[in-house]
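First the structure, in the form of structure tokens, and then the observations on it.
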Amino acid sequence: MKRRIVLTGAFIGMLAIIFGAFGAHLLKKYLSVEELNTFEVGVRYQMYHALFLLFLSTRKDIAEKTVKTIYNLVVAGVVLFSGSIYILATKSLTVFDSKIIVFATPLGGFLLIIGWLVLFLTILRKKS
């Protein structure tokens, strides 16, 4: 599981850098400042959670089942939250009906929050 978490964290982080460069260099010609700022929020949260996964992989004091739960919450959260933000920020460039995925952003954010909450409660319950 630890290997999968590290690989996923590294991959999500790499994609965040690629998307960030894509936004900064290519999309700035086509998107408004507001759309670019929105796109950057997706990149930022994706990178935060790539680092979160790398941190999670270092924890030896959390049960495997809990680690797996946090991992699944974070990965699903990143896909839904950042993925939907990328689509919503670039909706002026596509014919995709972004109204279909409007629910994905808050759901993804909720999953990310729950992932952090599970980590918090797990550490809180541990006796020092």
Pairs of donor and acceptor atoms involving the side chains of residues 68-80, under 3.5 Å and at least two apart or interchain, shall be tabulated with distances.
residue	atom	partner	partner atom	Å
Thr69	OG1	Lys65	O	3.0
Tyr71	OH	Thr8	OG1	2.8
Asn72	ND2	Lys68	O	3.2

Donor-acceptor check, side chain of Gln46 to backbone of Ile12, threshold 3.5 angstrom: yes or no?
yes
Show every side-chain hydrogen bond (donor to acceptor under 3.5 Å, both in side chains) that has at least one partner inside residues 103-112, sequence neighbours left out.
Ser84-Thr105
List the steps and the verdict of side chain to side chain contact (heavy atoms under 4.5 Å, CB included) for Val33 and Asn37.
CA-CA 6 Å; Val33 172; Asn37 287 337; 3.7 Å; yes
Can you list, pair by pair, the side-chain donor-acceptor contacts under 3.5 Å of residues 49-57, counting residues two or more places apart and other chains?
residue	atom	partner	partner atom	Å
His49	ND1	Tyr45	O	2.8
His49	NE2	Trp116	NE1	2.9
Ser57	OG	Leu54	O	2.6

For Thr38, side-chain hydrogen bond (donor to acceptor under 3.5 Å, both in side chains) partners two or more places apart:
none
Should side-chain heavy atoms under 4.5 Å link Ile, Leu, Val, Met, Phe, Trp and Tyr, which residues sit in the same cluster as Phe39?
Phe11, Met14, Leu15, Ile18, Phe19, Phe22, Leu26, Leu27, Tyr30, Leu31, Leu36, Val43, Tyr86, Leu93
Joint cluster assignment, Leu112 & Val41, ILVMFWY side-chain distance < 4.5 Å
yes
From Lys2 NZ over to Thr58 OG1, what is the distance, rounded to the nearest 0.5 angstrom?
7.5 Å
Partner of Leu121 by side chain to side chain contact (heavy atoms under 4.5 Å, CB included), out of Leu119, Leu117, Val118:
Leu117
Please tell me whether Ile114 and Ile123 are part of a single hydrophobic cluster in this structure, the criterion being side-chain heavy atoms less than 4.5 Å apart.
yes
What residue pairs, at least two apart or across chains, pass salt bridge (Lys or Arg N to Asp or Glu O under 4.0 Å) with a residue in residues 17-39?
none
When clusters are formed by joining ILVMFWY residues with side-chain heavy atoms under 4.5 Å apart, either directly or through shared neighbours, do Tyr48 and Phe110 land in the same one?
yes
Strictly by salt bridge (Lys or Arg N to Asp or Glu O under 4.0 Å), give each pair with a member in residues 70-91 just once, sequence neighbours left out.
none
Inter- and intrachain pairs under salt bridge (Lys or Arg N to Asp or Glu O under 4.0 Å), touching residues 43-63, at least two apart
Arg59-Asp61
Residues in side-chain hydrogen bond (donor to acceptor under 3.5 Å, both in side chains) with Thr90, at least two apart?
none
